[in-house]
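Just so we're clear, the structure is a prediction, and the values are computed from it rather than from any experiment. Residue numbers start from 1 in every chain, and the chains themselves are labelled A, B, ... in the order their sequence lines are given, proteins ahead of strands.
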2 protein chains.
Amino acid sequence: MNDDTKDLNMSVIKAFSLLEAFTGEQQKWGVRELAKKVGYNKTTTFRLLRTLESLGAVQKGADDKYILGLKLFELGNLVSIHKSLRQMSRVPLEHIAKEITETIHFGVLKNNQVLYLNKAESPLGLKVSTQIGSYQDAYCSAIGKVLLAYLNDSELTSYLEEVALIPQTENTITKKAELRTELNKIKKQRYALDMEELELGLICIAIPVFNQQGDVVAAISASGPSSRFKAEKVNDYLDILFRGSAQLEEKLKDFN
Amino acid sequence: MNDDTKDLNMSVIKAFSLLEAFTGEQQKWGVRELAKKVGYNKTTTFRLLRTLESLGAVQKGADDKYILGLKLFELGNLVSIHKSLRQMSRVPLEHIAKEITETIHFGVLKNNQVLYLNKAESPLGLKVSTQIGSYQDAYCSAIGKVLLAYLNDSELTSYLEEVALIPQTENTITKKAELRTELNKIKKQRYALDMEELELGLICIAIPVFNQQGDVVAAISASGPSSRFKAEKVNDYLDILFRGSAQLEEKLKDFN
DNA sequence: AAAATTGTTTCAATATGTGAAACGCTGTTT
DNA sequence: AAACAGCGTTTCACATATTGAAACAATTTT
């Protein structure tokens with residue numbers, strides 16, 4: 001951590017640390033266990049939780065433990081950045097999902113990571129399911145690699161300097177030179193594949209979404225289990241994705 | 001304000017006051033104008049904003065003014081209360097919207113107000129458009145009246161004691177006895193009409209959604225301009241809504 | 001019945017947030 | 001060209017609001 005911490009309101013920072021402890025895996029917290037987790041005194045933690053409760057940012061569940069409250073739902077729905085992208089993506093994503101019958105994701109690059117703005121889930125039982133609003137490392141996902149591929153040289157160089165290529169599976173690209181080569185290839189062919197680079201058994205194919213100026217603003221992907229995702233289907237999937245992407249790009253025009 | 005304010009963390013409360021100043025109408029704020037709006041010193045406001053910025057709860061837009069940040073989007077997507085209701089409602093709402101070609105809303109009662117959890121917008125140009133996550137007074141909306149109609153006696157009595165029936169249009173019900181009669185009628189006929197009670201030119205029809213135990217957990221509505229919403233269509237709309245509601249109730253079973 | 005949890009309150013100490021005034025910057029008015 | 005008015009931001013002495021160990025009340029576990 002750098003010294004940007006100077007003159008920030010510590011109470012507010014602490015309050016948000018508490019909120020960030022609530023994740024998809026751990027949705028409920030008691031006072032003492034949360035205090036232990038974030039490293040604050042239990043009294044402090046208790047008072048912050050009570051404050052957040054009075055604001056509706058957290059609330060007590062049936063078992064008296066705290067869960068995230070509806071105020072955050074309200075505020076989250078007011079966030080205007082990418083809001084139009086998110087809204088306009090819904091219908092095209094659902095069309096694609098219906099045709100491909102795999103889960104479709106829609107994401108942008110934010111802080112060098114993929115931020116999932118929307119999704120349309122596969123109608124099948126066995127499917128990929130990601131939390132909208134969550135982040136994913138870019139170098140090991142199809143959407144991420146597409147978005148990285150269209151960065152300009154200096155952006156990509158600084159990304160490669162900063163990032164640590166941690167192996168998620170035996171297929172994860174862990175050499176920076178190799179990643180660069182892969183990204184060049186992706187830019188040429190206009191799509192990216194993730195062949196179990198993030199998770200074993202999970203395959204993903206992604207293509208870019210351009211705005212009217214020709215910049216890549218987002219990417220869409222289809223993800224499914226390797227058992228269904230056969231090589232001979234790739235071209236079909238790409239066709240469908242490209243048609244969906246064209247729809248998205250059409251809608252994007254209205255927002256300029 | 002009552003004395004619940006004791007021992008709450010004022011900084012956190014102030015920070016949230018700032019966040020709540022951001023609405024659909026006013027999405028951007030400069031430091032000084034926001035300070036004026038919320039009544040804090042500009043220095044305090046500035047420091048809180050800087051703190052919130054470092055947390056990603058706000059960020060600076062293109063014109064250097066502050067807008068709500070993606071951290072709130074992330075947190076909002078993690079809110080688990082009503083999350084399943086929200087998710088399961090999407091597909092049925094879209095089916096209904098396609099059939100009725102008017103905007104469909106899905107809401108619950110929260111703090112004696114209607115909280116909109118989801119919507120499916122009319123494909124037509126002239127349409128109702130509500131912010132998901134926003135609140136609406138219950139007594140003057142169709143969804144609200146349905147939800148009120150199924151409260152038990154003591155809940156309804158305490159609602160009627162607390163609420164102020166402020167006329168929104170010339171059709172708004174402003175007498176508590178009259179509202180009670182209306183709610184009885186609604187419970188009997190199993191649907192509610194809002195005939196320009198909230199906004200002139202706006203008509204709305206709503207029905208309840210039951211869970212497996214037979215409690216009303218939510219309501220769905222179709223809203224449109226009075227120019228399109230003719231009396232002879234009401235029965236058709238009801239048919240479609242009831243079929244949609246049945247779909248919703250079917251999905252609800254899986255979550256018990 | 002004792003022990004070990006939990007959430008919650010108390011109170012003195014001090015660390016933390018406060019706000020008037022000043023600063024540097026940009027754009028407009030004189 | 002100079003004065004002005006707006007903005008976000010910094011400074012610093014002061015005072016208030018936050019802190020945490022310890023105690024408390026209420027459950028649950030031993």
Just how far, in rounded Å, is [atom2] of [N] from [atom1] of [X]?
X: A:Leu18; N: D:dT18; atom1: CG; atom2: C1'; result: 14 Å
X: B:Tyr40; N: D:dA17; atom1: OH; atom2: P; result: 13 Å
X: A:Leu49; N: C:dT9; atom1: CG; atom2: P; result: 13 Å

task = Using a strict cut-off of less than 4.0 Å between a Lys/Arg side-chain nitrogen and an Asp/Glu carboxylate oxygen, indicate whether B:Lys71 and B:Glu74 qualify as a salt bridge.
result =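 Yes, charged N to carboxylate O under 4.0 Å.
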
Check nucleotides 2-7 of chain C for protein N or O atoms closer than 3.5 Å to its own N or O atoms and list the pairs.
| unit_1 | atom_1 | unit_2 | atom_2 | d |
| --- | --- | --- | --- | --- |
| C:dG7 | OP1 | A:Val31 | N | 2.7 |
| C:dG7 | OP2 | A:Arg32 | N | 3.2 |
| C:dG7 | N7 | A:Arg32 | NH1 | 2.3 |
| C:dG7 | O6 | A:Arg32 | NH1 | 3.4 |

Using atom types as modelled, flag every donor-acceptor pair under 3.5 Å from a side chain in residues 138-145 of chain A to any protein atom, sequence neighbours excluded.
| unit_1 | atom_1 | unit_2 | atom_2 | d |
| --- | --- | --- | --- | --- |
| A:Tyr139 | OH | A:Ile166 | N | 3.0 |
| A:Tyr139 | OH | A:Ile166 | O | 3.0 |
| A:Tyr139 | OH | A:Gln168 | NE2 | 3.3 |
| A:Ser141 | OG | A:Gly144 | N | 3.0 |
| A:Lys145 | NZ | A:Glu182 | OE2 | 2.7 |
| A:Lys145 | NZ | A:Leu193 | O | 2.8 |
| A:Lys145 | NZ | A:Glu197 | OE1 | 2.8 |
| A:Lys145 | NZ | A:Glu197 | OE2 | 3.1 |

Could you write out each protein N or O paired with an N or O of nucleotides 16-18 of chain C at a distance under 3.5 Å?
| unit_1 | atom_1 | unit_2 | atom_2 | d |
| --- | --- | --- | --- | --- |
| C:dG17 | OP1 | A:Asn9 | OD1 | 3.2 |
| C:dG17 | OP1 | A:Met10 | N | 2.9 |
| C:dG17 | OP1 | A:Ser11 | N | 3.2 |
| C:dT18 | OP1 | B:Lys14 | NZ | 2.6 |

ask   = Is there side-chain contact between A:Phe210 and A:Leu252, with heavy atoms separated by less than 4.5 Å?
value =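 A:Phe210 does not reach A:Leu252 side chain to side chain.
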
inquiry  = If the condition is side chain to side chain contact (heavy atoms under 4.5 Å, CB included), which residues does A:Thr103 pass it with, not counting sequence neighbours?
reply    =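 For A:Thr103 the side chain to side chain contact (heavy atoms under 4.5 Å, CB included) partners, ignoring immediate neighbours, are A:His105, A:Glu121, A:Ser122, A:Lys127, A:Val128.
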
inquiry  = Is it the case that the side chains of B:Glu249 and B:Ser245 hold a donor-acceptor pair, with the cut-off being a distance below 3.5 Å and no angle test?
reply    =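 On atom types as modelled, these side chains qualify, holding a pair under 3.5 Å.
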
request  = For A:Tyr135, enumerate each residue passing the ring-ring contact (aromatic ring centres under 6.0 Å, His included) test, keeping only those at least two apart in sequence or located in another chain.
outcome  =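 By the ring-ring contact (aromatic ring centres under 6.0 Å, His included) rule, A:Tyr135 matches no residue at all.
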
inquiry  = Roughly what angle, to 10°, lies between the helix axis at the start of the helix from C:dA1-D:dT30 to C:dT30-D:dA1 and the one at its end, five pairs per end?
reply    =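 Answer rounded to 10°: the end axes differ by 20°.
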
